[in-house]
Enquirer: 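Quick one: the structure is below, and I'll ask about it shortly.
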Amino acid sequence: DVQLVESGGNLVQAGGSLRLSCAASGFTWGDYAIGWFRQAPGKDREGISCISNFDAGTYYADSVKGRFTISSDNAKNTGYLEMKYLDIEDTGIYYCALAPHYFCSAFAMGRSNRYIAWGQGTPVTVSS
């Protein structure tokens, strides 16, 4: 069975940094992409980044571009989201998700219906 487990969420002050991890298992790593979504209180889930495990292509939403960096460790089957210069607006539950690698694109990145498996989420709270 496919399993995704996020970790690394925490309370952090504005301007600070966090690194989220997504430990994955149960699928052929190179056939898929890892995406990161977040959901702020009272708002829709937002796709913020994805990385293709096939060709290492990466995409970012404008809201996080230049502050967040997505990466993956193929040997560990783990994805990462490095977040810097965090703002109160970055507060929310962060989810990693799995999609066929060709759905990691500027067009499809944020389309949650392209993703076939989801983690349970990890909370990020940014305080002023």
Side-chain angles (χ1 to χ4, degrees):
D1 290 350
V2 173
Q3 189 171 22
L4 302 171
V5 180
E6 303 96 335
S7 61
N10 212 331
L11 171 65
V12 63
Q13 285 193 322
S17 302
L18 280 176
R19 188 176 81 156
L20 306 183
S21 299
C22 174
S25 61
F27 59 94
T28 302
W29 182 257
D31 291 344
Y32 291 88
I34 297 293
W36 285 95
F37 287 73
R38 66 184 180 188
Q39 188 163 20
K43 294 187 178 180
D44 293 336
R45 190 171 296 189
E46 175 191 14
I48 56 175
S49 186
C50 68
I51 182 167
S52 166
N53 297 329
F54 179 75
D55 62 8
T58 59
Y59 297 89
Y60 297 92
D62 289 343
S63 58
V64 305
K65 198 173 293 182
R67 300 187 300 123
F68 291 11
T69 303
I70 193 170
S71 63
S72 64
D73 185 330
N74 295 345
K76 296 182 178 179
N77 279 18
T78 300
Y80 302 98
L81 187 68
E82 187 82 34
M83 307 186 295
K84 296 183 178 180
Y85 310 113
L86 285 163
D87 184 80
I88 293 174
E89 297 295 317
D90 295 315
T91 293
I93 306 296
Y94 283 68
Y95 301 89
C96 66
L98 185 70
H101 69 84
Y102 43 82
F103 284 136
C104 181
S105 68
F107 175 75
M109 178 190 67
R111 295 178 179 265
S112 58
N113 61 356
R114 305 295 190 183
Y115 291 79
I116 62 171
W118 295 79
Q120 82 289 351
T122 187
V124 172
T125 303
V126 183
S127 64
S128 59

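Everything quoted here is computed from the prediction, not taken from an experiment.
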Enquirer: Which distance, rounded to the nearest 0.5 Å, do you find between the CG of Leu98 and the CH2 of Trp29?
Expert: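 These two atoms lie 8.5 Å from each other.
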
Enquirer: Applying the side-chain contact (heavy atoms from CB on, under 4.5 Å) test to Val126, which of Asn10, Leu86, Leu11 qualifies?
Expert: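 Running side-chain contact (heavy atoms from CB on, under 4.5 Å) over Asn10, Leu86, Leu11 with Val126 returns exactly one hit, Leu86.
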
Enquirer: Ignoring hydrogens and angles, tell me if any N or O in the side chain of Gln120 forms a donor-acceptor pair with the backbone of Glu6 under 3.5 Å.
Expert: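 Confirmed, Gln120 side chain pairs with Glu6 backbone.
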
Enquirer: Quick one: do Trp118 and Phe37 satisfy ring pair (Phe, Tyr, Trp, His ring centres under 6.0 Å)? Show the steps, please.
Expert: CA-CA 10 Å; Trp118 295 79; Phe37 287 73; 4.8 Å; yes

Enquirer: To the closest 0.5 Å, what do you measure between CG (Asn77) and CG (Asn53)?
Expert: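 Rounded to the nearest 0.5 Å, the CG-CG separation comes to 8.0 Å.
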
Enquirer: Looking only at heavy atoms, which two atoms of Tyr59 and Cys104 are closest? And how far apart?
Expert: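 It is CE1-O, 3.2 Å.
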
Enquirer: Are Ile70 and Val64 joined in one hydrophobic group, where the rule is that I, L, V, M, F, W and Y side chains link up if heavy atoms are under 4.5 Å apart?
Expert: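 In one cluster: yes.
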
Enquirer: For the residue pair Thr125 and Val12, establish whether any side-chain heavy-atom pair is separated by less than 4.5 Å.
Expert: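 Side-chain contact under 4.5 Å: no.
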
Enquirer: Side-chain contact test, heavy atoms from C-beta onward, threshold under 4.5 Å: evaluate it for Cys50 versus Phe103 and give yes or no.
Expert: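 No, too far: nothing below the 4.5 Å cut-off.
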
Enquirer: From Ser49 OG over to Ile34 CD1, what is the distance, rounded to the nearest 0.5 angstrom?
Expert: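 Those atoms lie 11.0 Å apart.
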
Enquirer: Once you round to the nearest 0.5 Å, how far does OG of Ser112 lie from CD of Glu46?
Expert: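 These two atoms lie 12.0 Å from each other.
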
Enquirer: Starting at OG of Ser105, measure out to CZ of Arg111 and round the result to the nearest 0.5 Å.
Expert: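 These two atoms lie 8.5 Å from each other.
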
Enquirer: Which pairs count as side-chain hydrogen bond (donor to acceptor under 3.5 Å, both in side chains) when at least one residue sits in residues 80-102, sequence neighbours excluded?
Expert: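 For residues 80-102, and leaving out neighbouring residues, the side-chain hydrogen bond (donor to acceptor under 3.5 Å, both in side chains) pairs sorted by first residue read Arg38-Asp90, Arg38-Tyr94, Arg67-Asp90.
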
Enquirer: Is it the case that atom CG in Asp44 sees more than 12 heavy atoms from other parts of the structure closer than 6.0 Å?
Expert: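 Not more than 12 within 6.0 Å, no.
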
Enquirer: Any side-chain heavy-atom pair from Ile48 and Leu81 closer than 4.5 angstrom?
Expert: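 With C-beta onward as the side chain, the pair touches.
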
Enquirer: Does Phe27 form a side-chain contact (heavy atoms from CB on, under 4.5 Å) with Ile116? I'd like the steps, not just the answer.
Expert: CA-CA 11 Å; Phe27 59 94; Ile116 62 171; over 6 Å; no

Enquirer: Are Tyr32 and Met109 connected in the hydrophobic side-chain network, where two residues link if heavy atoms are under 4.5 Å apart?
Expert: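 Different clusters: Tyr32 never reaches Met109 through Ile, Leu, Val, Met, Phe, Trp or Tyr contacts under 4.5 Å.
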
